[in-house]
Amino acid sequence: MRALPMAVSRAAVACATPASGGAVPRRSMLLSTAAAGAALQSDPIRLTAPKLKLRASAGAAQAAATSFSSNDEAFAWAKKDNRRLLHVVYRVGDIDRTIKFYTECLGMKLLRKRDIPEEKYTNAFLGYGPEESNFAVELTYNYGVDSYDIGAGFGHFGIATDDVAKTVEIVRAKGGKVTREPGPVKGGKTVIAFIEDPDGYKFEILERPGTPEPLCQVMLRVGDLDRAISFYEKACGMKLLRKRDNPEYKYTVAMMGYGPEDQNAVLELTYNYGVTEYDKGNAYAQIAIGTDDVYKTAEVVKLSGGKVVREAGPLPGLGTKITAILDPDGWKSVFVDNVDFAKELE
């Protein structure tokens, strides 16, 4: 498979046009190009030398102004920071086919779509409400690449619905693949089902009437659950919403997030007994998270022992401030300045 694009160019920004026409959102291209290449290699975005020097200088000055007096102060700040999950980024082999499946079978709305011919990719944002307030998926299609390796580390996305059986029947009628029929979850009462989209991504359909956030979960497998929980609590400021051990089936899950599970999208971490690492493939890319200060965020991550793979600072040509990190298992997150993100959606 050919190398996938990593560079961010002014030309790419200039031609990023939504499918419906109109004004071009000043959208951070890292969140798109990361989908094109970051899961294959975790290098920071490539910039020209002069811009890199300017960014590094500005970043160093900002970092010096945001130093914490102690680790406890840093971790406390992360807990108080205004954060939420913005969107999840992954690659598909036929973007129109996937859009059709998500809108017709899963009831999502196409929020925007743009083609970037200079960078040879197209991306689309879908979800159940406006990006200003709802979690969304960002699909990326790289020209000429019709399949990806999902790997064993990625688990599934979760969708909450009023009627699981009805959703499953719609998926089946449209030719979709149902991998688990509706029924109570093992060891519980919640009615669930599992389906697969055309690229093989799994979706757990959960019966949860009246939820304000139907796109409710991203499940990732980790090799050390307590280590992962500690990282997401300290470095990312998340709360441990609940933890459940299932010795009969030899796995433990932890729900992490920024608000109640029935009202917000959450990260579901799964530990399978005795499995310490997973093949991540090259399909899933990252989660984007909003923050009031990317510089402080990067500093907290470092104090937590995490890895910053893109230092905090503005993207050239856009000014949107971001930082990118890896958790202890190598899963990537990108933090985006809340004010800049809101401006991009105007």
Side-chain angles (χ1 to χ4, degrees), residues 30 34 38-45 55-56 59-86 88-89 151 153-155 218-243 252-258 266-272 274-280 284-313 321-337:
L30 175 72
L40 295 184
Q41 50 182 324
S42 58
D43 295 331
I45 281 191
R55 179 177 62 81
Q62 181 69 28
T66 58
S67 295
F68 297 100
S69 60
S70 68
N71 286 9
D72 288 343
E73 180 186 347
F75 301 148
W77 174 85
K79 290 287 187 183
K80 296 177 182 178
D81 188 23
N82 181 25
R83 296 183 177 182
R84 72 176 181 92
L85 302 184
L86 302 178
V88 60
V89 187
F154 170 78
V218 177
M219 192 276 261
L220 303 174
R221 298 183 176 92
V222 298
D224 183 327
L225 187 58
D226 291 334
R227 178 186 65 183
I229 290 172
S230 177
F231 177 84
Y232 282 101
E233 284 181 325
K234 293 179 179 179
C236 299
M238 291 187 184
K239 297 177 181 178
L240 174 60
L241 304 174
R242 63 186 175 96
K243 182 179 179 183
T252 307
V253 298
M255 298 295 186
M256 310 290 299
Y258 296 109
V266 300
L267 179 62
E268 178 181 351
L269 304 175
T270 297
Y271 168 68
N272 292 295
V275 184
T276 58
E277 60 182 314
Y278 293 92
D279 170 25
K280 295 179 180 58
Y284 175 87
Q286 65 205 30
I287 290 178
I289 303 172
T291 176
D292 283 343
D293 193 319
V294 297
Y295 298 97
K296 286 184 177 180
T297 294
E299 190 173 357
V300 172
V301 170
K302 292 175 182 177
L303 291 172
S304 306
K307 184 177 182 180
V308 174
V309 294
R310 203 283 187 183
E311 291 293 343
K321 295 180 288 296
I322 64 97
T323 189
I325 71 169
L326 295 181
D327 77 2
D329 289 274
W331 295 114
K332 187 176 182 181
S333 297
V334 173
F335 285 85
V336 186
D337 181 88

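Values below: every heavy atom of this structure, side chains too, minus hydrogens, waters and symmetry copies.
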How many angstroms lie between [atom1] in [X] and [atom2] in [Y], if you round to the nearest 0.5 Å?
| X | Y | atom1 | atom2 | answer |
| --- | --- | --- | --- | --- |
| F75 | E233 | CZ | CD | 11.0 Å |
| K307 | L326 | NZ | CG | 6.0 Å |
| S67 | Y295 | OG | OH | 13.5 Å |
| L240 | M255 | CG | CE | 10.5 Å |
| E268 | L220 | CD | CG | 9.0 Å |
| D293 | T323 | CG | OG1 | 10.5 Å |

**Q.** Side-chain heavy-atom pair M238, Y258 within 4.5 angstrom cut-off
**A.**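 A side-chain contact under 4.5 Å exists here.
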Q | Residues in side-chain contact (heavy atoms from CB on, under 4.5 Å) contact with Y278, at least two apart in sequence or another chain | A |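 Partners of Y278 under the side-chain contact (heavy atoms from CB on, under 4.5 Å) test: A152, R221, N272, V275.
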Under-4.0 Å salt bridge between [X] and [Y]:
| X | Y | result |
| --- | --- | --- |
| E311 | K302 | yes |
| K243 | D226 | yes |
| D329 | R227 | yes |

Closest contact, heavy atoms only, [X] versus [Y]:
| X | Y | result |
| --- | --- | --- |
| A298 | V308 | O-CG2, 3.8 Å |
| V294 | D337 | CG1-N, 3.7 Å |
| Y271 | G223 | CE1-O, 3.4 Å |
| A74 | L303 | CB-CD1, 3.6 Å |
| I287 | V88 | CG1-CG2, 4.1 Å |
| M256 | L241 | C-CD1, 4.2 Å |

Q.
Strictly distance-based, threshold 3.5 Å: is any side-chain N or O of R83 a donor or acceptor partner for the main-chain N or O of C236?
A.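 At least one qualifying donor-acceptor pair exists.
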Q. Is it true that a side-chain atom of D81 and a backbone atom of D292 form a donor plus acceptor pair closer than 3.5 Å?
A.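 Answer holds: yes.
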Should the heavy atoms of other residues, nucleotides or ligands under 6.0 Å from [atom1] of [X] be counted, would the total exceed 12?
| X | atom1 | result |
| --- | --- | --- |
| E277 | CD | no |
| K234 | NZ | no |
| K79 | NZ | yes |

**Q.** F154: ring-ring contact (aromatic ring centres under 6.0 Å, His included) partners, not counting sequence neighbours
**A.**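 Expected list: F157, Y201, Y284.
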Q | Side-chain H-bond candidate by donor/acceptor type, T297 with T291, under 3.5 Å | A |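 Yes.
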Q: Applying side chain to side chain contact (heavy atoms under 4.5 Å, CB included), run through I325 and F231 and close with a yes or a no.
A: CA-CA 11 Å; I325 71 169; F231 177 84; 4.0 Å; yes
